[in-house]
Colleague: 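Sending over a structure as structure tokens; questions will come in a sec.
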There are 4 protein chains.
Amino acid sequence: MIIEIDFNSDEAIYIQLRNQIIMGIATSEIQEGESLPSVRQLAETVGINMHTVNKAYTVLKQEGYIQLDRRKGAVIALDVNKIEAVEKMRAQLRILLARGLCKDISRVEVHEMVDEIYDEMIGG
Amino acid sequence: MIIEIDFNSDEAIYIQLRNQIIMGIATSEIQEGESLPSVRQLAETVGINMHTVNKAYTVLKQEGYIQLDRRKGAVIALDVNKIEAVEKMRAQLRILLARGLCKDISRVEVHEMVDEIYDEMIGG
Amino acid sequence: MIIEIDFNSDEAIYIQLRNQIIMGIATSEIQEGESLPSVRQLAETVGINMHTVNKAYTVLKQEGYIQLDRRKGAVIALDVNKIEAVEKMRAQLRILLARGLCKDISRVEVHEMVDEIYDEMIGG
Amino acid sequence: MIIEIDFNSDEAIYIQLRNQIIMGIATSEIQEGESLPSVRQLAETVGINMHTVNKAYTVLKQEGYIQLDRRKGAVIALDVNKIEAVEKMRAQLRILLARGLCKDISRVEVHEMVDEIYDEMIGG
DNA sequence: GTGGTCTAGACCACT
DNA sequence: GTGGTCTAGACCACA
């Protein structure tokens with residue numbers, strides 16, 4: 001799994017890291033039960049500070065994507081609180097689609113985009 | 001148009017303000033050519049700092065939702081750069097759907113959610 | 001409210017800080033809705049690093065004692081999840097009383113101690 | 001006597017080990033004069049590192065629960081320094097009850113909890 | 001002026 | 001060797 005950070009982005013590095021790891025889980029590049037690299041190792045690979053990786057891992061834990069195992073480090077462990085997840089997604093979709101409406105993006109186009117992204121991710 | 005700020009949210013106040021104004025445009029509560037309240041007035045109504053309102057308006061201008069007129073203040077004026085808007089939406093949908101996949105939200109459920117939100121907004 | 005840190009303690013500074021703030025809430029020295037000092041201010045007063053205070057505040061937020069208000073800073077706001085709190089207390093009492101049993105501390109003595117501490121705190 | 005470690009807990013493994021052994025002594029599952037398993041054996045049974053078991057035993061010795069004998073290994077031997085034990089318990093009860101007060105746990109409920117735990121342990 | 005983010009280096013606890 | 005903790009300094013976003 002390749003992680004690439006855009007240092008010119010206005011998104012915080014730990015957020016980019018978190019997002020890419022979530023993408024990795026979604027596309028099954030990393031699977032439930034597997035371990036992420038140690039904070040020091042990933043920090044060196046990516047070229048950032050250990051503490052920044054640590055923050056990304058902490059957030060991933062809070063959001064229910066990993067668990068910190070004292071022997072194996074950060075292990076993929078999905079805590080599926082679906083009700084919460086659905087509400088969170090709905091809130092974010094709402095603003096996303098509102099933006100789309102203002103920019104003349106049609107309902108059909110959104111549905112197409114959703115399907116394209118799903119096909120990308122699950123390798124359909 | 002009612003604006004409500006959650007001061008305990010982890011989202012910046014000016015972002016919440018921007019989002020709610022975009023929602024207002026999408027749902028036609030405010031229409032093209034109409035003016036937003038003055039910076040001072042909105043700040044007072046909502047109970048926040050003038051600088052914060054200013055920042056929200058500046059962002060809305062940069063993103064092509066309003067224009068700042070010396071006499072009429074902030075006027076709704078949509079600058080539809082659709083190609084850019086589509087790419088922006090695609091990038092955000094990608095991480096949103098990745099999160100959904102991890103949390104067992106199915107493709108069908110996402111499509112349903114999209115339709116529900118569209119119906120809410122355009123009053124279908 | 002006076003905060004004192006024992007730099008020779010084996011307890012982490014941010015834990016000592018958290019505990020003393022919880023004590024302050026329990027004894028009503030600080031009340032619901034009041035603000036804690038800013039991280040910089042408290043750090044200076046106590047003579048520790050800003051980041052350490054920040055960590056204490058973060059933990060207090062996660063545990064449901066404060067909320068971070070973007071205008072007022074850290075505000076006392078008790079999130080009473082009693083079921084969770086009771087289970088947490090039971091788990092900790094279990095090991096505490098087990099230690100007591102091994103050290104010949106009687107059930108009566110524990111009850112007395114509990115009453116003494118309650119009287120101290122609520123000023124009975 | 002069954003020992004179970006939660007590798008995802010934020011409590012160090014050697015602390016969990018220590019606590020469970022103290023629980024075993026308190027509930028008379030292991031009695032004064034009896035031996036604990038050898039470091040090697042316990043490490044293998046539980047699936048942890050030998051050093052970790054060693055650390056737990058060392059702490060138990062320092063706290064006056066066992067003695068380390070070259071031939072018999074770790075033997076339960078209670079060193080009752082009651083005054084010290086009472087002060088230690090009082091300090092920990094103080095923060096525990098402060099937490100309880102904040103979470104609306106009443107004095108009566110604490111007394112009930114104490115009795116329940118005592119009954120569990122001494123098989124009342 | 002405030003918190004958020006990032007970096008960096010150091011020490012210790014834990015495995 | 002690993003993460004946890006603490007310190008420190010710097011810059012930026014936010015109010």
Side-chain angles (χ1 to χ4, degrees), chain A residues 5 7 9-17 35-44 46-59 61 68-74, chain B residues 5 7 9-18 39 43 46-56 58-59, chain C residues 5 7 9-17 35-44 46-59 61 68-74, chain D residues 5 7 9-18 39 43 46-56 58-59:
Chain A
I5 301 297
F7 292 100
S9 168
D10 54 345
E11 246 182 348
I13 294 177
Y14 82 96
I15 295 286
Q16 293 184 48
L17 211 50
S35 292
L36 292 172
S38 79
V39 286
R40 279 179 169 81
Q41 201 180 320
L42 185 51
E44 202 182 348
V46 178
I48 57 177
N49 192 286
M50 186 196 90
H51 297 315
T52 308
V53 178
N54 209 346
K55 173 127 193 188
Y57 282 11
T58 304
V59 171
K61 185 188 171 184
L68 301 178
D69 183 296
R70 287 185 171 271
R71 297 163 308 170
K72 292 184 274 178
Chain B
I5 300 297
F7 293 104
S9 167
D10 54 345
E11 247 181 348
I13 294 174
Y14 84 96
I15 295 284
Q16 294 184 48
L17 210 51
R18 180 200 64 170
V39 170
V46 179
I48 58 179
N49 197 300
M50 272 176 53
H51 298 328
T52 309
V53 178
N54 229 325
K55 171 109 191 192
T58 307
V59 170
Chain C
I5 300 298
F7 293 101
S9 168
D10 54 345
E11 245 181 349
I13 293 176
Y14 82 96
I15 295 286
Q16 293 184 48
L17 212 49
S35 293
L36 292 173
S38 78
V39 288
R40 278 179 170 82
Q41 203 180 318
L42 186 50
E44 201 181 347
V46 178
I48 57 178
N49 191 285
M50 184 196 92
H51 297 317
T52 308
V53 178
N54 210 345
K55 173 127 193 188
Y57 282 12
T58 305
V59 171
K61 185 189 171 183
L68 302 178
D69 184 296
R70 286 184 171 274
R71 298 163 307 170
K72 293 184 274 176
Chain D
I5 300 297
F7 294 104
S9 167
D10 55 346
E11 248 182 347
I13 294 176
Y14 84 97
I15 295 284
Q16 294 184 48
L17 210 52
R18 181 201 63 171
V39 170
V46 179
I48 58 178
N49 196 300
M50 271 176 53
H51 298 327
T52 309
V53 179
N54 229 324
K55 172 109 192 190
T58 306
V59 170

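Order of the sequence lines sets the chain letters (A, B, ...), proteins ahead of strands, with each chain counted from 1.
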Colleague: What closest approach, in Å, do A:Val53 and A:Leu17 show between heavy atoms, and which atom pair accounts for it?
Modeller: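 That closest heavy-atom pairing would be CA-CD2, 3.9 Å.
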Colleague: For the pair made of CG in A:Asp69 and P in F:dG3, what is the distance, rounded to whole Å?
Modeller: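 Spelled out: CG on A:Asp69 to P on F:dG3 is 12 Å.
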Colleague: In whole Å, what is the span from the CG atom of C:Asn54 to the P atom of F:dG9?
Modeller: 17 Å
Colleague: Whole angstroms only, please: what is the CG-P distance between A:Leu42 and F:dG1?
Modeller: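 To the nearest whole Å, that distance equals 18 Å.
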Colleague: Can you check the C:Gln16 CD to F:dT5 C1' distance for me, whole Å?
Modeller: 13 Å
Colleague: Tell me the interatomic distance from C:Met50, atom CE, to E:dT5, atom P, rounded to whole angstroms.
Modeller: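 Those two atoms, CE and P, are 11 Å apart.
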Colleague: Of all the base pairs, Watson-Crick or G-U under 3.5 Å, which form stems of three or more consecutive pairs involving DNA chain E?
Modeller: E:1-14 with F:1-14
Colleague: Reading DNA chain E from 5' onward, which residue's closest nucleotide shows up sooner: C:Ser38 or A:Gly47?
Modeller: C:Ser38
Colleague: What closest approach, in Å, do D:Tyr14 and D:Val59 show between heavy atoms, and which atom pair accounts for it?
Modeller: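 Nearest pair, atom of D:Tyr14 first, then D:Val59: CE1-CG2, 3.7 Å.
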Colleague: Rounded to the nearest 0.5 Å, how far apart are CD1 of D:Ile15 and NZ of D:Lys55?
Modeller: 8.0 Å
Colleague: Over how many whole Å does the gap from D:Arg18 atom CZ to E:dA13 atom P extend?
Modeller: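 It works out to 15 Å between those atoms.
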Colleague: In terms of the nearest nucleotide of DNA chain F, which residue is placed more toward the 5' end: C:Phe7 or A:Tyr57?
Modeller: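 With C:Phe7 and A:Tyr57 compared, the 5'-side residue is A:Tyr57.
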Colleague: Under the side-chain contact (heavy atoms from CB on, under 4.5 Å) test, which residues partner C:Arg70, sequence neighbours left out?
Modeller: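 Counting only residues at least two positions away or on another chain, C:Arg70 forms a side-chain contact (heavy atoms from CB on, under 4.5 Å) with B:Ala12, B:Ile13.
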Colleague: Can you check whether B:Asn54's main-chain N or O pairs, donor with acceptor, with B:Thr58's side chain at less than 3.5 Å?
Modeller: yes
Colleague: Using the 3.5 Å cut-off, write out each protein N or O paired with an N or O of nucleotides 12-15 of chain F and the distance between them.
Modeller:
residue	atom	partner	partner atom	Å
F:dC14	OP1	B:Tyr14	OH	3.2
F:dC14	OP2	B:Tyr14	OH	2.9
F:dC14	OP2	B:Lys55	NZ	3.2
F:dA15	OP1	B:Ile13	N	3.0

Colleague: I'd like to know if the side chain of C:Ser35 reaches the main chain of C:Lys72, judged simply by a donor and an acceptor atom lying under 3.5 Å from each other, with no hydrogens or angles considered.
Modeller: yes
Colleague: Can you name the closest pair of heavy atoms from B:Ser9 and B:Gln16 and give their distance?
Modeller: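 Looking at all heavy atoms of both residues, the shortest contact is CB-NE2, 3.4 Å.
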Colleague: Distance from D:Glu11 atom CD to D:Arg18 atom CZ, nearest 0.5 Å?
Modeller: 8.0 Å
Colleague: Find the distance C:Lys72:NZ to E:dT2:C1' and express it as a whole number of Å.
Modeller: 16 Å
Colleague: How close or far is atom P of E:dT2 from atom CD of C:Gln41, stated in whole angstroms?
Modeller: 7 Å
Colleague: Determine the minimum heavy-atom distance between B:Gly47 and C:Arg71, stating which atoms define it.
Modeller: O-NH1, 3.5 Å
